[in-house]
**Student:** 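The structure's right below; bear with me while I get my questions together.
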Amino acid sequence: MVDAVDYESAINQIIGAARDRRPFALTALAVHGVMTGVLDPAHNARLNSFDLVTPDGQPVRWALNLLHAAGLTDRVYGPELTLRVLERCAAEGLPVYLYGSTEDTLALLVPALRRQFPGIMIAGVESSKFRPVHAGEDVEIASRITASGARLVLVGLGCPRQEVFTYAMRPLLDMPLLAVGAAFDYHAGLLRNPPAWMQRVGLEWFWRLGLEPRRLWRRYIVLNPAYLARLGAQKARLWEAQPPEPAHERPPTFSI
């Protein structure tokens, strides 16, 4: 259930929730993120409970236009959305909490963001523990975030861990949580963006596969054809997707 949304609308919804102190969950999904839901009904139901799911990848935007005549002229790319949201947060004095990735990455990311947005208020920084949550630890994390004075949380745990974290933590926090994928690595200078032409024609996956073939081969070589097959079947009216109802129960465990 990806939303037909553009940058302006997404940012306005995020900042509105931050101002109003409302829980809000967002993720930006490319083909891999969509297929994690297709292949896991429980996760699919979690994704369908998010307040906003943006079309991160060009093939996802194309599908919205092809199947639903959405008329989208651009995707809503997680790393770019992150920068635009931070720009608004800096302008409006909304403190931001960074959760996820490694200490080394965060040590590069924080000064890079402060250079780009001199007015940014970073309320707190917390790296991933790379393990399942312990009993009561989710409440402790939420308490630290709330006590920091943050009005928005950026979550960089990788797909699908970051979506499960965002889903599980939303009831504990009165602020937006944004699952932003590889944005931490990009803006810390650890990943290079592909050329603009590759992004326009939907070949970003090919660029990333070339950079990290051993880690990403299954994501792209297996899931991309599966995505295209389902898209073709829907367009030809040979198959109709049946999205599950949004989930409401918190998961018994999740990664932090």
Side-chain angles (χ1 to χ4, degrees), residues 13-28 46 49-52 78-79 81-83 85-114 116-188 190 247-256:
Q13 292 181 57
I14 295 163
I15 297 300
R19 287 198 206 107
D20 298 341
R21 297 180 179 269
R22 284 187 282 110
F24 188 92
L26 175 145
T27 185
R46 286 191 291 267
S49 78
F50 274 49
D51 299 283
L52 196 60
L81 178 65
T82 298
L83 293 181
V85 167
L86 289 175
E87 183 178 32
R88 284 283 297 275
C89 286
E92 299 195 20
L94 297 169
V96 177
Y97 200 96
L98 307 178
Y99 188 95
S101 196
T102 65
E103 291 185 4
D104 289 344
T105 298
L106 293 172
L108 295 171
L109 177 63
V110 171
L113 294 179
R114 285 180 170 150
Q116 188 164 359
F117 307 107
I120 192 72
M121 298 168 63
I122 298 178
V125 176
E126 190 167 344
S127 63
S128 172
K129 283 73 175 169
F130 298 99
R131 58 167 171 78
V133 64
H134 294 158
E137 200 170 13
D138 51 346
V139 176
E140 294 173 4
I141 293 171
S143 296
R144 285 196 294 273
I145 294 172
T146 300
S148 75
R151 297 305 326 133
L152 180 142
V153 185
L154 297 179
V155 183
L157 293 173
C159 178
R161 290 191 306 141
Q162 62 190 8
E163 282 80 19
V164 182
F165 178 93
T166 297
Y167 170 82
M169 295 298 292
R170 176 176 53 181
L172 305 180
L173 292 165
D174 61 347
M175 65 189 76
L177 292 102
L178 279 56
V180 295
F184 285 16
D185 289 329
Y186 278 118
H187 301 319
L190 298 174
H248 299 289
E249 295 183 3
R250 297 189 74 226
T253 186
F254 58 96
S255 295
I256 59 169

**Student:** For residues T166 and F50, determine if any side-chain heavy atom of one lies less than 4.5 Å from a side-chain heavy atom of the other.
**Tutor:**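 In short, these two side chains touch, coming nearer than 4.5 Å.
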**Student:** Measuring only between side-chain heavy atoms, which start at C-beta, is M169 closer than 4.5 Å to V153?
**Tutor:**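 The answer is no; the side chains never approach within 4.5 Å.
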**Student:** Please identify each residue that fulfils side chain to side chain contact (heavy atoms under 4.5 Å, CB included) with T146, with sequence neighbours left out.
**Tutor:**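 So T146 forms a side chain to side chain contact (heavy atoms under 4.5 Å, CB included) with L173.
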**Student:** What salt bridge (charged side-chain N to carboxylate O under 4.0 Å, His left out) pairs are there with at least one residue in residues 89-102, not counting sequence neighbours?
**Tutor:**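 Qualifying pairs: R19-E92, R88-E92.
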**Student:** Start with the C-alpha gap between F130 and I256, add the side-chain angles, then the distance that decides, and say whether side chain to side chain contact (heavy atoms under 4.5 Å, CB included) holds.
**Tutor:** CA-CA 6 Å; F130 298 99; I256 59 169; over 6 Å; no
**Student:** Y99: which residues meet the ring-ring contact (aromatic ring centres under 6.0 Å, His included) condition with it, sequence neighbours left out?
**Tutor:**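 If we apply the ring-ring contact (aromatic ring centres under 6.0 Å, His included) test to Y99, skipping adjacent residues, the hits are F165.
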**Student:** Please find the pair of heavy atoms, one from G149 and one from A123, that lie closest to each other, and give the distance.
**Tutor:**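 Heavy atoms only, the tightest pair is C-CB, 4.4 Å.
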**Student:** Taking salt bridge (charged side-chain N to carboxylate O under 4.0 Å, His left out) as the test, write out the residues that go with R114, two or more places apart.
**Tutor:**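 R114: no salt bridge (charged side-chain N to carboxylate O under 4.0 Å, His left out) contacts found.
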**Student:** With a 4.5 Å cut-off on side-chain heavy atoms, are V164 and P251 touching?
**Tutor:**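 Yes - at least one pair of side-chain heavy atoms lies under 4.5 Å apart.
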**Student:** Let me have the donor-acceptor pairs involving side chains of residues 20-28, under 3.5 Å, with sequence neighbours excluded, atom names and distances please.
**Tutor:**
from : atom 1 : to   : atom 2 : distance (Å)
T27  : OG1    : E163 : OE2    : 2.6

**Student:** Supply the atom-to-atom distance L154 CG to H187 NE2, rounded to the nearest 0.5 angstrom.
**Tutor:**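 That separation rounds to 9.0 Å.
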**Student:** Using the salt bridge (charged side-chain N to carboxylate O under 4.0 Å, His left out) rule, collect all pairs that involve residues 132-154, keeping only residues at least two apart or in two chains.
**Tutor:**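 Found E126-R144, R131-E137, D138-R250, R151-D174.
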**Student:** Nearest 0.5 angstrom please: L86 CG to L152 CG, how far?
**Tutor:**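 Here the rounded value is 7.5 Å.
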**Student:** Does a side-chain heavy-atom distance below 4.5 Å link V139 with I141?
**Tutor:**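 No, too far: nothing below the 4.5 Å cut-off.
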**Student:** Run the side chain to side chain contact (heavy atoms under 4.5 Å, CB included) check on L81 and V180 step by step: do they pass?
**Tutor:** CA-CA 8 Å; L81 178 65; V180 295; over 6 Å; no
**Student:** Using modelled atom types and a 3.5 Å cut-off, is there a donor and acceptor pairing between side-chain atoms of Y167 and backbone atoms of H248?
**Tutor:**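 Yes.
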**Student:** My understanding is that only residues two or more places apart in sequence, or in another chain, count here; which of them pass side chain to side chain contact (heavy atoms under 4.5 Å, CB included) with A182?
**Tutor:**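 If we apply the side chain to side chain contact (heavy atoms under 4.5 Å, CB included) test to A182, skipping adjacent residues, the hits are Y186, L191, R208.
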**Student:** Using a 6.0 Å cut-off, check whether atom CD of E87 has over 12 heavy atoms from anything other than its own residue.
**Tutor:**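 At most 12 heavy atoms, drawn from other residues, nucleotides or ligands, come within 6.0 Å of this atom.
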**Student:** Please enumerate all residues that pass side-chain hydrogen bond (donor to acceptor under 3.5 Å, both in side chains) together with R170, with sequence neighbours excluded.
**Tutor:**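 side-chain hydrogen bond (donor to acceptor under 3.5 Å, both in side chains) list for R170, sorted by chain: S49, D51.
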**Student:** Quick one: do Q162 and S255 satisfy side chain to side chain contact (heavy atoms under 4.5 Å, CB included)? Show the steps, please.
**Tutor:** CA-CA 8 Å; Q162 62 190 8; S255 295; over 6 Å; no
**Student:** Taking only residues two or more places apart in sequence or in another chain, which ones pass side chain to side chain contact (heavy atoms under 4.5 Å, CB included) with S127?
**Tutor:**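 S127 satisfies side chain to side chain contact (heavy atoms under 4.5 Å, CB included) with E103, L106 only.
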**Student:** Say you draw a straight line from CG of L94 to CE of M121; how long is it, rounded to the nearest 0.5 Å?
**Tutor:**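 L94 CG to M121 CE: 8.5 Å, rounded to 0.5 Å.
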**Student:** Could you pull out all residues at least two apart from S101 that satisfy side chain to side chain contact (heavy atoms under 4.5 Å, CB included)?
**Tutor:**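 With sequence neighbours excluded, S101 shows a side chain to side chain contact (heavy atoms under 4.5 Å, CB included) to T105, F184, D185, given in chain and number order.
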**Student:** Taking atom CG of L98 and atom OG of S148, what is their separation to the nearest 0.5 Å?
**Tutor:**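 Rounded to the nearest 0.5 Å, the CG-OG separation comes out at 10.0 Å.
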**Student:** If I take atom CD1 from residue I14 and atom CG from residue L178, how far apart are they, to the nearest 0.5 angstrom?
**Tutor:**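 I14 CD1 to L178 CG: 4.5 Å, rounded to 0.5 Å.
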